[in-house]
Each structure stands twice: as structure tokens, then as C-alpha cells.
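I have a structure I would like to understand better, so I am pasting it below and will then ask my questions one at a time.
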Amino acid sequence: MPVTIKDVARESGVNISTVSRALNNSYGVDPQTREHVTAVAARLNYHPNRVARGLVTGRSHSLGLIVSDIRNPFFAEVARGAEDAARLGNCDLVLCNSDLDADKQMHYVRSLLEKRIDGILMNSVSALSREQQALLADSEVPIVLLNRPASKHPFSTVCANNEEGGAMAARYLLGLGHRKIAYLTGPKLHGNLSDRARGFVRTLQAFKNPVHPIIRYGRFNFSGGAEGARKLLDAHPDVTAIFAANDVTAFGVLKAALESGIRIPEDLSLIGFDNIEFSGIVNPPLTTIHQPKYEMGQAAVEILLRMARGKDKRIPEHRQLGVELIERSSCQAFASTARLRLRKVG
């Protein structure tokens with residue numbers, strides 16, 4: 001039978017409430033008594049029953065994290081930051097993959113709520129309907145949306161400055177002399193991707209000789225990047241630079257280019273977004289926009305814990321983190337080598 005708090009109290013020679021206060025570092029316990037109770041609990045190998053304590057306190061000391069697909073290294077880095085912050089806050093983190101499926105996403109939300117979760121982080125989720133937003137708002141559980149800009153919904157948000165990241169990519173390619181530019185992205189109605197597109201397009205069109213990029217929507221994963229690049233380059237062989245919505249999409253572009261005999265960066269410049277770990281070891285190493293993934297996960301958990309412990313859980317907080325251009329080897333200045341590729345394709 002597992003050791004209970006009653007066993008610790010009997011062995012310690014004190015009452016149950018004293019044991020509880022001693023083990024929880026609460027006030028009103030003599031230091032010698034606290035030390036004695038702690039030693040007895042360790043000798044008996046006593047572990048507090050979190051479920052029972054949660055029924056009393058109304059907290060489970062658990063947080064839920066819903067991501068679209070943990071196989072994407074971006075989400076893995078966010079999850080690690082969230083997990084480390086949760087552990088510092090004496091909480092466990094429950095991971096769920098939604099696959100950007102609205103029904104699956106809400107199944108996990110309901111399951112987490114049934115487990116009396118203390119808060120939910122939702123990263124790169126599918127669009128929330130009004131009914132779903134109402135369900136979340138009425139749950140009285142703190143919600144933080146990761147990779148979503150602040151908007152009219154009642155939830156807290158943590159995101160990078162995606163619009164500035166898109167503008168950085170545009171300025172960089174323009175500075176290299178590229179004018180035939182394409183943007184490969186994910187779903188059209190996707191908050192952070194829309195912000196990247198907005199910054200990218202506005203910067204290109206504000207150029208002294210406005211550039212109008214080719215935009216292709218699709219799946220922002222490896223296979224989606226490869227498929228999108230093949231279709232794009234078949235239809236527009238004059239494109240000399242591609243901005244990919246994330247690094248995994250850019251890896252798909254690298255694959256399509258390799259299969260087609262297109263050299264990067266000699267024939268085609270490529271820039272990604274995220275700066276995941278693999279970006280520096282692919283061939284060629286990928287130029288990309290860095291966003292602080294680990295720090296985003298940390299910040300989201302900090303907000304959740306503050307809201308879970310506070311009296312008013314409905315006051316949203318919004319944090320926006322900075323981005324940075326990481327220059328590697330997948331881009332170069334537009335030159336005659338690119339024109340040579342056009343003649344070969346033609």
C-alpha cells in the first residue's frame with residue numbers, strides 16, 4: 001500500500017495539518033519540526049497525492065500544450081522552453097498534436113478541461129470558430145495562443161514580430177538585386193503567416209521600382225515545400241529567389257531544386273523563417289529569419305502560471321519577441337549565373 005500523509009503524521013508524532021504545512025513550507029511550523037517531518041517523509045518514501053491535493057486547492061499543477069505537429073523542430077524547441085518553465089513552476093506539461101484539424105484540436109481541449117488542467121497553450125492551431133472561442137472563454141481556464149498576434153479575442157498571446165521578419169527577408173533579397181521573387185507559404189488564413197506575408201509584400205511594393213511577388217499557398221511542411229517549389233518553378237522559371245514561410249518548407253524547396261538540377265544559391269536564392277537547428281547543417285546552410293522559439297515557450301508558460309495563480313484569470317497579456325536575420329550560404333546576388341539557368345530552362 002502507498003504511504004499516506006496519515007502514516008507520516010503517526011511516525012512523526014504530529015497531526016496531519018502540521019505534516020501538510022511542513023511539507024509545503026507553509027507558515028507556523030517550527031524549523032526543527034519541519035526538519036523532523038521532512039526526514040520521516042523521506043524515510044517512508046512518501047509522495048504527495050497530487051490528485052487529492054488538486055481537489056482541495058482547485059489546481060492540478062498541469063498545463064496542456066497543443067501543437068500542430070511535434071515532428072516539426074520548431075514546435076520541439078517551443079515545447080522544450082515551455083516544459084522547462086513549467087518544471088520551474090512545479091507543473092507538468094501534457095503534449096497534444098492537433099495536425100491542424102479543428103475537431104481533433106477541440107477534442108484535446110475538452111479532454112484537458114476534464115482533467116482540470118491549470119492552463120492551455122495552443123501553438124499554430126487551426127482557426128477557432130466563434131463557438132469554439134466561446135467554449136474556451138467560458139472554461140475560466142487561462143489560454144495562451146502561441147504564434148498568434150494580439151486581436152479582439154479574449155486570450156493572451158505570445159508571438160515573434162512576424163511582420164518585421166517578412167520585411168527583413170524582402171529587404172535582404174532586394175539588396176542582393178533580386179526582382180523576380182516568390183513567397184511559398186501555408187494556409188491563407190493563418191495569423192503569423194499572414195503577418196509575414198504582409199511585411200514581405202509591403203516592403204517589396206514600397207521599393208522605388210515596386211516588386212510584385214508571386215505568392216503560393218499550400219501545406220507549410222517538407223512535402224508541401226517540395227511540391228510547391230516544383231509547381232512554382234515549372235510555371236515561373238524566371239524566379240530567382242524564394243522566401244519560404246518556415247525552414248521546413250525551405251528544406252522541401254532544397255529537395256525540389258536538387259531533383260531539378262537547380263543550384264542553390266548559384267541559380268536560385270532561398271531564405272527561410274524560424275532558424276531551427278537543422279538550418280545550419282543542410283547543404284547549403286540556410287539563410288533564415290530567427291525567432292526565439294525556446295523563449296516563446298517560456299514566456300507562454302510564465303503568463304499561464306501568473307494567470308492561474310492570480311485572482312483575475314481573464315485579463316489577457318500580449319508579448320511580442322524580436323526577430324533577427326541569420327545570413328548563411330543559400331542566397332547570393334542576382335547575376336549572370338541566374339540568367340544562364342533561364343536559358344537552360346527555356
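Here the structure is a predicted model, which is why all the values come from computation and not from measurement.
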Worksheet entry | Ion pair check, Arg10 and Asp7, cut-off under 4.0 Å | yes

Worksheet entry | No-hydrogen, no-angle side-chain donor-acceptor test under 3.5 Å, Asp247 and Ser279 |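 Yes, side-chain donor-acceptor contact under 3.5 Å.
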
Response to the item:
Cluster membership besides Tyr294, Ile/Leu/Val/Met/Phe/Trp/Tyr side chains within less than 4.5 angstrom, sorted by chain and number, is none

Worksheet entry | Spatial distance of atom CG (Leu286) from atom CG (Leu254) [nearest 0.5 Å] | 6.5 Å

Discussion item. Ignoring hydrogens and geometry beyond distance, is a side-chain donor-acceptor pair present between His178 and Ser269 at under 3.5 Å?
Written reply: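 His178 vs Ser269: donor-acceptor pair found between side chains.
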
Response to the item:
Members sharing Ile181's hydrophobic cluster, built from side-chain contacts under 4.5 Å between Ile, Leu, Val, Met, Phe, Trp and Tyr, are Met168, Tyr172, Leu173, Leu174, Leu176, Tyr183, Phe200, Val201, Leu204, Phe207, Val211, Ile215, Tyr217, Phe243, Ile271, Phe273, Ile289, Val323, Leu325

Discussion item. Looking only at side-chain N and O atoms, does Arg219 offer a donor or acceptor that is under 3.5 Å from a partner on Ser223?
Written reply: yes

Worksheet item: Are any of the side-chain nitrogens in Arg87 or Asp84 under 4.0 Å away from the carboxylate oxygens of its partner?
Response: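 The answer is no: the pair does not qualify as a salt bridge.
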
Discussion item. Could you check whether any side-chain N or O of Ser62 sits under 3.5 Å from a backbone N or O of Ile117, counting only pairs where one atom can act as donor and the other as acceptor?
Written reply: no

Worksheet entry | salt bridge (charged side-chain N to carboxylate O under 4.0 Å, His left out) partners for Glu259, two or more places apart | Arg230, Lys255

Response to the item:
Taken in chain and number order and not counting sequence neighbours, the residues that satisfy salt bridge (charged side-chain N to carboxylate O under 4.0 Å, His left out) with Glu317 are Arg306, Arg319

Practice prompt. Using atom types as modelled and distance alone, determine if a side-chain donor or acceptor of Thr18 lies under 3.5 Å from a backbone N or O of Val14.
Written response: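 Absent.
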
Worksheet item: Between Arg171 and Glu164, does at least one N-O distance fall below 4.0 Å, as a salt bridge requires?
Response: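 Between Glu164 and Arg171 there is a salt bridge, with a charged N closer than 4.0 Å to a carboxylate O.
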
Fill in: Those residues that, when tested against Arg110, pass salt bridge (charged side-chain N to carboxylate O under 4.0 Å, His left out) (two or more places apart)
none

Practice prompt. List the steps and the verdict of side chain to side chain donor-acceptor pair (under 3.5 Å) for His212 and Arg179.
Written response: CA-CA 8 Å; His212 301 281; Arg179 302 295 181 264; over 6 Å; no

Worksheet item: Just checking, is any N or O donor in the side chain of Asp274 or Gln291 under 3.5 Å from an acceptor N or O on the other one?
Response: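 Checked: Asp274/Gln291 side chains pair up, N/O donor to acceptor below 3.5 Å.
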
Discussion item. Just to verify, what does His107 make a side chain to side chain contact (heavy atoms under 4.5 Å, CB included) with, not counting sequence neighbours?
Written reply: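 Side chain to side chain contact (heavy atoms under 4.5 Å, CB included) check on His107 returns nothing, list empty.
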
Worksheet, complete the sentence: Heavy-atom nearest pair, Leu193 first then Pro187, reads CD1-CD, 4.2 Å

